[in-house]
Asks: 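Here it is, the structure, as structure tokens.
The chain is numbered in sequence order, starting from 1. All values derive from a computational prediction rather than experimental measurement.
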Amino acid sequence: MKNGYIGTILRVNLSTGSIAKEPLNEKNANDYVGARGLGTKYFCDEVDPRIDAFSPENKLIFMTGPLTGTLATSSGRYNVVCKSPLTGTIEASNSGGHWGPELKFAGYDGIIFEGKSEKPVYLYINDGVVELRDASDLWGMDVFEATHALEEKCGNQFHIATISKAGEEGVLFAGVMNDLHRAAGRGGVGAVMGSKNLKAVAVKGTGSVFVARPQKFFDVCTAARKQLAAHPVTGAGLGQLGTMILVNIVNGVGGFPINNLKDGSFDTYADDISGETLVAKHLIRNKGCYGCSIGCGRRVEIADGEFKSKGEGPEYEAGWSFGGDCGVHDLGAVCKANFLCNQYGIDPITMGATVACAMELFEKGYITEEEVGFPLRFGDATAMVKATEMTCKGEGFGKIMGLGSYRMAEKYGHPELSMSVKKQEMPAYDGRAIQGIGLEYATSNRGGCHVRGYMISPEVLGIPSAMDPLVTEGKAATLKVFQDLTALCDSTGICLFTTFGQGLPEIAAMYREAVGSDESDEDILLKGERIWNLEKKFNQVAGVEKDTLPPRLLRETLPEGPAKGKVSELETMLKEYYEVRGWNADGTVPETKYQELGM
């Protein structure tokens, strides 16, 4: 095909060992774009939402988008789709690096894994040669060990997506790691992969991705790159300081949660774990994914001390979860914990937030030093790293933390101390100080999540225009547009960070010229709305809990900072949100909405 898609899907039945190549469903590709949307459409058509996430009936879908592997800027993205064992929602976990483009170069838009293998296996893809191979000798290896072992077996030109022990043993927030440090990190997709006895996917391709209108595509991509280069966030800030640039910015508006969201300001300690300090003391170089013009990745070394180590990251979310959320301001400890998450394939947002929850449980006397094995107090950097390592390795109290904060807190009779939505931990912004992000957490189709409608852009960064973070007016309508646009962006195969410097006109233009469409910008955005409603429909049938926030955000006021005295005014925003979505007052989707969207 010459329209951004390759035209072929791999279907791998792990129970029987059969591998089939089938044509891409072009109608669904048109209606749901690719990556997140198309993977979700395949999944919803083939899987009952009420299945157990760890049953063989739960399929695991790796899907690229029509812009993945093209000249479009930052076009290295792919999604892993399944039912999440952490939340019970539909999960589409997004990753960058080079693995996604390589799959397309090998001749495939996506892979659908079905069933469960009797023994550990990995999938070998070398252009047209596709084989399931024994992975018994790889089982138990961490991400780095497995990647290097497969490079030795297959060749160092192969790109590897793999799980570690955490995924093998069912840690509910284990991810799929590719290219060593890139992650489809949220929702437990790695645990689903482990439940299927699938260790890795090794891929090498020598083909290309063709587009429908090459010269026009080149022109719009060139213009988009220039636009990103000229923008202060995508052209300077993210490249110079990475996403950790947000630490001091978010702390400045009183929305940087500390000590399991008991407060929203880290006083004088925020700068200790900021992007500025990371660059000044520990950065080796920055790094980008395939086709990236931003380069927000960090190659970092802690040269000495208790936490001496080297690796990639942390991103802002991990810097917060292991830092402020745990009351820790030792940047070496924060980096060390993040490196462990990369090595063992663990979501650092859930991991750090679970440690923070455990610290509050310990502080209140609900868990004991005897159970944990050591004191687990806010601000104790050594204890934070040790708790993380125990969870990564499945040792002692780490097995309980491997359930995530909600199930852990529920076990001790206090689920209200889990700062999660639909059992997934909220990221690094306080919904009391930044009202719109609280609405996003509550309505996110995969539980607590910031990248399904990044309201921090208008509320904190003033992009594309500034909104007061403390007010509720207009937040529902803005969030709806952000969520639909994000669904579209995720599905094309480009990086969400590009939307700091470009919007619907640029994304729609690249999509149009790649696939050969003459649809308007509005028609293309409608695809994002269709994806959002499809995800919501799955969750409704699956019986996912209602849209809400932890009691702390709804009832406990922020004690200090610019947002002192504020709680989340969720109910006010939620009513308006359902109205602008065209949904029922209880948050369910009427059949007329599906008909309106042509679903």
Asks: Check this for me: D586, atom CG, are more than 12 non-hydrogen atoms of other residues, nucleotides or ligands nearer than 6.0 Å?
Replies: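 Yes, CG of D586 has more than 12 neighbouring heavy atoms, counting only those of other groups under 6.0 Å.
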Asks: side-chain hydrogen bond (donor to acceptor under 3.5 Å, both in side chains) for Q483 and T443? Distances and angles first, verdict last.
Replies: CA-CA 10 Å; Q483 287 174 334; T443 59; 3.1 Å; yes
Asks: Below 30° counts as parallel, above 60° as perpendicular, anything between as tilted: where do the rings of Y316 and Y429 land?
Replies: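 Aromatic pair Y316/Y429 classed tilted.
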Asks: Using the side-chain contact (heavy atoms from CB on, under 4.5 Å) rule, pick out the option among D263, N248, I249, I273 that qualifies with F256.
Replies: I273
Asks: Do E315 and T243 have a side chain donor and acceptor closer than 3.5 Å?
Replies: yes
Asks: Output yes when a side-chain donor or acceptor of K422 lies under 3.5 Å from a complementary backbone atom of A442, and no otherwise.
Replies: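 At least one qualifying donor-acceptor pair exists.
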Asks: For the NZ atom on K262, are there more than 12 heavy atoms of other groups (residues, nucleotides or ligands in this structure) within a distance under 6.0 Å?
Replies: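 Check passes, neighbour count above 12.
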Asks: Between H181 and F144 (judged by ring centroids, cut-off 6.0 Å), do the two rings come close enough to count as a pair?
Replies: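 Yes.
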Asks: State whether a side-chain donor-acceptor pair under 3.5 Å links T350 with R186.
Replies: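 Judged by distance alone, the side chains do pair up.
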Asks: Can you check salt bridge (Lys or Arg N to Asp or Glu O under 4.0 Å) on R432 and E556, steps first, answer last?
Replies: CA-CA 9 Å; R432 294 166 291 188; E556 298 179 25; 5.2 Å; no
Asks: Applying side-chain contact (heavy atoms from CB on, under 4.5 Å) between L549 and each of V421, L439, V567, report the one that passes.
Replies: V421
Asks: Is the distance between the ring centroids of F62 and F113 under 6.0 Å?
Replies: yes
Asks: Pairing donors with acceptors under 3.5 angstrom, does anything connect the side chains of E370 and T368?
Replies: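 Checked: E370/T368 side chains show no N/O donor-acceptor pair below 3.5 Å.
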Asks: Apply the test salt bridge (Lys or Arg N to Asp or Glu O under 4.0 Å) to residues K386 and D380: give CA-CA distance (whole Å), side-chain angles for both, the deciding distance (0.1 Å), then the verdict.
Replies: CA-CA 10 Å; K386 190 171 183 178; D380 189 332; over 6 Å; no
Asks: Tell me yes or no: between the side chains of E317 and H450, is some donor less than 3.5 Å from an acceptor?
Replies: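 Distance-only check passes for E317 and H450.
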Asks: Is E114 salt-bridged to K59, cutoff N-O under 4.0 Å?
Replies: yes
Asks: Can you classify the ring geometry of Y412 versus F397 as parallel (below 30°), tilted (30 to 60°) or perpendicular (above 60°)?
Replies: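 The rings of Y412 and F397 sit tilted, inter-plane angle from 30° to 60°.
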